[in-house]
Every structure is written in C-alpha cells, then in structure tokens.
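Note that these values count all heavy atoms, side chains included, but never hydrogens, waters or copies made by symmetry. In this text, all values refer to a predicted model and were calculated from it rather than measured experimentally.
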2 protein chains.
Amino acid sequence: MTLSSSEENYIKAIFQLQVKDGMVSTNEVAAVLQTSAASVTDMLKKLKTKKLLVYEKYKGFKLNNEGRKLAIMVIRKHRLWETFLVNILHFNWDEVHEIAEQLEHIQSQQLIDHLDDFLGNPAFDPHGDPIPDASGKMPYQSQLNLNQFPLQIAGEVSAVGSQSPDILSLLEHKKITIGAKLKVMQNFAFDNSFEINVNDKERVHISSQLAEQIYVKKILHDSK
Amino acid sequence: MTLSSSEENYIKAIFQLQVKDGMVSTNEVAAVLQTSAASVTDMLKKLKTKKLLVYEKYKGFKLNNEGRKLAIMVIRKHRLWETFLVNILHFNWDEVHEIAEQLEHIQSQQLIDHLDDFLGNPAFDPHGDPIPDASGKMPYQSQLNLNQFPLQIAGEVSAVGSQSPDILSLLEHKKITIGAKLKVMQNFAFDNSFEINVNDKERVHISSQLAEQIYVKKILHDSK
DNA sequence: AATAAATTTTAGACAAATCTAAAATTTATT
DNA sequence: AATAAATTTTAGATTTGTCTAAAATTTATT
C-alpha cells in the first residue's frame, strides 16, 4: 500500500489524535492540518475505501490496524529525518520540523533502513520522542533527567531521585511535585544551573545538584 | 521563485537537452519525461508566464538566464543527494537515481548548504558528473584515469599518459584510440585488471599498468 | 510547388486535493 | 421535548497536472 503525501499527513494526524482521544472527530483533524472540515470528510471517504480506518458518517472514526501501522511508519520516517538533521547536519532542534515534514514523504523502504543504520538505530529523536523501529515497535516514552531534558518542551515531573527531607523541602519550596508541569527555559553553562517554568506560572532557578534529582517525562501532545 | 516538483522536472529536462541541442523541441522533452507532447506545451506556457524560458509556438524554446539558474540548482540538489546516498548511506551507484529524483524536490536552501558542507563540498558525484557549487558554477567535466572510472558508464578516451611506442602499439592492437567510446564492464580485484567494451563492439582485457595510462571522459548524455 | 508526413498546439475531459456555502445530523440548552 | 448551536456532510466549483483526439503548422518528399 503506497500513500500520497496528503494521505500520509492525514493518517499521521489521526494517529496522534487517537492516541489520546480514542475516537477522533472531523474538526480536530481539520484544526491540526489547518484545512476545512469538508476536506477532511473527503479524505475520510477515500481512506475508508482503502480500508485504513473505521468510519461511519457523523459517528467519528479511528485508524484500524493497517492504518495504524502505516501511520507509525510515517512517524518513524519523520523522527529519523529529524535526528539526521540535528545530529548529522547540525541543525538546531527547532529548525527541523518543516524540513522533516517534506522528507517524511520520500518513498523508499531501503532509504529509511540505511538511514536508520547510519544513525545507529536511535531510540529517541532530538525532541525526546520515541522512534518506532522497523517492525513498528515504539520504545517507551523516556523519562529523562532534568539535565538532559530538551529546552522549551513541555514536561511533567515523573520521579525524584532521592527521598531525603532536604530535597523534598526544597522541592516543595519551589512548588515542584510529582506530576507538576514544567518547561526548561534556559541552561547556564557556568554552573549548569537551570531556569525553569513550573505549571505555566512560577519561574524558578534550579541548581545542578537539584536538577540531578528530578526526572521528567515529555507530555504527549498533538503535532510532529 | 519557488517551483513545483513538476516544474522542476521540466526545467531540468530542458536544461540537459539544450546543453547539446541549443534549441529544444516539444517531442524531445516529452520523450525524456515520458509524457505527452500536449502536456509539454501546457507546461511551456506556464513556464513562459513565469519568465523562465524563451518560447514562441511552433518555433522551439530554451531556458533564459533565470531558468538556467534554477535548473542548475535542481541538478545540484540531485547530485548532492546521490553523493550522500552512495558515500554515506552506502547505496550502490546504480540504485540511487530514483530516490534522488524525489529528494531533489525538497525545498530548503539551508538543507542543501548543510548537506554540501557535510559531504565536504564534493566537485563530482558518484557517476562522475560535476556538481554545481552554491553560486551555480559547474566544475569542468572530469577526465578520470581508467582505474577510477565508474563501471557501466559510457566514456570516451580523452588522453593517453605516455606516448611511448610500446604503449601505442598495444593500444592500437586493442583498438583504443583517442575518442574511442568505451565502457568498463568489470574490475578484477586480484590484479586490478579490467574488462572493457570498446566502441560498443570489442571486448578487451586491460592490465592495471595499461589502465593507468588511459584517461577517460564521461560522454554527456540525456537524463540525470 | 503540391502533397504527404511529422510535429506542435488547441479543445475538452479527468483525477486529486482543495475550497465555500448550504443541507443534514448530532449535541446542548432552555 | 422543542429549539438553538455546533458539527459534519454534500453539492458544486477551482487549481494543477495530466490525458486523447482533432486542428494547425512546419518539414520532408515526390
């Protein structure tokens, strides 16, 4: 089954929406792809005849097994290309999305296999997102030390390294709890300290020692 | 000026044809692109309104300066990607054309610049074709030693290393003259000798020592 | 130079992917 | 439960790139 770029964009968008929502709606897809609801309906009909999704009009839809498999392969391509652009061509991680959007549609299984090998079969892309392997298996969403967590990416505190009261009182003081939302705004090379945003409100400064004790998980969200 | 994939394919084809022919005809382009003459006419009108070529109906056409510049940039992209596929991803030189046909249409000046740097600003691609630099300057068609000449590629004897009668008599014996057409069919690793085709007729065997004295130029031809 | 052959262009149609506006359906509200 | 609001689908149009068949033009041949 070979898909057009447009079809690939739709199944990728549907896949990412259904991970959280289960059933997906026409408007959601239209919003993600910046297109009209009517265009989405047109494409749904087409993808249904290609047997890539379960769809009954007015009732919502979701990808079936075949559609899911294809979506994962598009995501695999996208993330491998992003890894290439950042690790090999030295782009910044925030410049690569648009280019990877184009590269992900290149049709050649061999190309992806070779690229994957060349990159050393990476498990995560530069944004910290998991890269599905050739069989479609997706590594677990990584829990990263705050030290290694990418800048400007929404994360959620998933664990704390030590339970010592000293640390906990400091964390409490900074409103950092398990499940707290945070975003690393800046890293200061001098002492490897961090400026971070907690729960979209507090701006706090974290020492290198404290950062080492905080584990963060990327918050799953829409695009890419 | 941004072009669609289709437009890029047309100006590339016209460019390669006009290098030899000067003026290009509708049928020639149709043959190269495997499409109908009517489609070519349609595209010519479009490219004319975009001011990329000089065209008067029934009179033939050719790219103007702007069109030529754009064509050269497409060729640059194609050849850089081929170099990447062969040198970095270890494809064989005969597997890369189709993939490069897709990659050449990715739109990002930055991507090409970074790729060029990563590859070490190569002057020739794996087929021995010159790669235009960022300003559009094309290196002279390389004259390669027979030892380094790619397999299965049509070449033309351009020079001989020494004029000693011993060599010339051997060359004469093998019908290898300046201007003779040849194609390297096989290279034997044991003694680095070659099996080559001369003038599409004779099959001759060339010792490593003799090969070293023969210089070959790629014969310019249609596609790629 | 007249006619035949080849080439090129026009005319009209089609598929893919999109749009807007109106109609159909579902969901929410009074 | 009736009506209003939101969502989704249909109907019909548009753009890009393509096609075939017929008409126009050029080139070659007798």
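- Counting any heavy atom pair closer than 4.0 Å across all strands shown, A:Y55 reaches sugar-phosphate atoms only and no base atom.
- The 5' end of DNA chain C is approached more closely, in terms of each residue's nearest nucleotide, by B:Y58 than by the other of B:Y58 and A:K57.
- In terms of phosphate contacts, B:T35 brings a side-chain nitrogen or oxygen within less than 4.0 Å of OP1 or OP2 of D:dC19.
- The phosphate of D:dT18 (OP1 or OP2) has a side-chain N or O of B:S6 nearer than 4.0 angstrom.
- Atom-to-atom, CD of A:E56 to P of C:dT26 comes out at 11 Å; the value is rounded to the nearest Å.
- Counting to the nearest Å, the C1' atom of D:dT18 and the CG atom of B:L44 are 15 Å from each other.
- Checking the phosphate oxygens (OP1, OP2) of C:dA16, no side-chain nitrogen or oxygen of A:S4 falls inside 4.0 Å.
- Here B:T41 does not reach the OP1 or OP2 of C:dT8: none of its side-chain N or O atoms lies under 4.0 Å away.
- The six-membered or imidazole ring of B:F84 lies near that of A:F84, with a centre-to-centre distance under 6.0 Å.
- Atoms CD (B:E28) and C1' (C:dA6) sit 14 Å apart, rounded to a whole Å.
- Applying the salt bridge (Lys or Arg N to Asp or Glu O under 4.0 Å) definition to pairs two or more places apart or across chains, none involves residues 26-38 of chain A.
- The distance between atom CG of A:D42 and atom C1' of D:dT9, rounded to the nearest whole Å, is 9 Å.
- In this structure, A:N27 does not reach the D:dA6 phosphate: none of its side-chain N or O atoms is under 4.0 Å from OP1 or OP2.
- Remark: P of D:dT8 and CE of A:M43 are 17 Å apart, rounded to the nearest angstrom.
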Check: How does DNA chain C read in dot-bracket, base by base from 5' to 3', with Watson-Crick or G-U pairs under 3.5 Å and | used when the partner is on another strand?
Finding: ||||||||||||||||||||||||||||||
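- For B:N9 and D:dT16, the CG to P distance is 17 Å, given to the nearest whole Å.
- Between A:M23 atom CE and D:dT8 atom C1' the separation is 14 Å, expressed in whole Å.
- Rounding to whole angstrom units, NZ of residue A:K45 and C1' of C:dA16 are separated by 14 Å.
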